[in-house]
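As the structure lists them, so they are numbered: ligands from 1, and atoms in each ligand from 1.
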Amino acid sequence: MKIGAMLGDIVRSLFKSPATVSYPVEVSPTPDRLRGKLMWDYRHCNGCGLCVKDCPANAIELVVLDRKAKRFVMEYDENRCIYCSQCVKTCRSEAMRLSNTVWELAALKQDTFKVYYGRYDDIRKHLETDVADAAAGGN
Ligand code: SF4
Ligand code: SF4
């Protein structure tokens, strides 16, 4: 590139607004189809388990507390998820979606990436069972 052309570019760029934003102070709007955090709505889930079967990253697990009463807990590991959206495509009940607004998922601790979805009472029951199982295994 000739020095004259380069100088022209430099001068022009002085009068242009920057292409970048000062993240995280400024955050650009996200596109509608951005694949952020997986969201699960227990009210729509029928417990078929197909999403778990189709997940290529073993990032989700469906805990069945009472199939007849449709009491399920979904365990989701954000750290394993590759945000491929396969589970969303697989689910015929529209119980899953990838958020386009919740995408800032970086964290310092591994356990922050583990997410439990479901009714509050069901999650509590599941976690209590997990703790009891761990204690029994430790004896
Ligand atoms: S988005 Fe892909 S990797 Fe993440 S939970 Fe769904 S199927 Fe698994
Ligand atoms: S595919 Fe949909 S309905 Fe089936 S277990 Fe997964 S979330 Fe529930």
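Counting heavy atoms under 4.0 Å from ligand 2, residue Met96 touches it through the side chain alone.
Counting only N and O atoms by type, the side chains of Tyr83 and Glu78 include no donor and acceptor under 3.5 Å apart.
To the nearest 0.5 Å, atom CD1 of residue Ile60 and atom CD of residue Glu75 are 11.0 Å apart.
For a distance bound of 2.8 Å, the N, O or S atoms of Cys91 include one lying that close to atom 2 (Fe) of ligand 2.
Note on ligand 2: Asn46 sits in its first shell, one or more heavy atoms being nearer than 4.0 Å.
Listed by number with element, the atoms of ligand 2 under 4.0 Å from a non-hydrogen atom of Cys51 are 1 (S), 5 (S), 6 (Fe), 7 (S). Those atoms of ligand 2 with a heavy atom of Trp40 less than 4.0 angstrom away are 7 (S). Of all atoms in ligand 2, listed by their number and element, those nearer than 4.0 Å to a heavy atom of Ala95 are 7 (S). Per-residue contacts place Gly49 under 4.0 angstrom from the following atoms of ligand 2 (heavy atoms of the residue considered): 4 (Fe), 5 (S).
When side chains are defined from C-beta on, Leu38 counts as touching Met96, because their heavy atoms get closer than 4.5 Å. Counting heavy atoms from C-beta on, the side chains of Tyr116 and Leu127 come closer than 4.5 Å.
Atom NZ of Lys125 is surrounded by 12 or fewer heavy atoms from other residues, nucleotides or ligands within 6.0 Å. The 12-atom threshold is exceeded at OH of Tyr23, counting heavy atoms of other residues, nucleotides or ligands nearer than 6.0 Å.
Residue nearest to atom 8 (Fe) of ligand 2, selected from Cys48, Cys45, Cys55, Ser93: Cys45 (by heavy-atom distance). Across Leu38, Asp54, Ile82, Asn58, heavy-atom proximity to atom 3 (S) of ligand 1 is greatest for Ile82.
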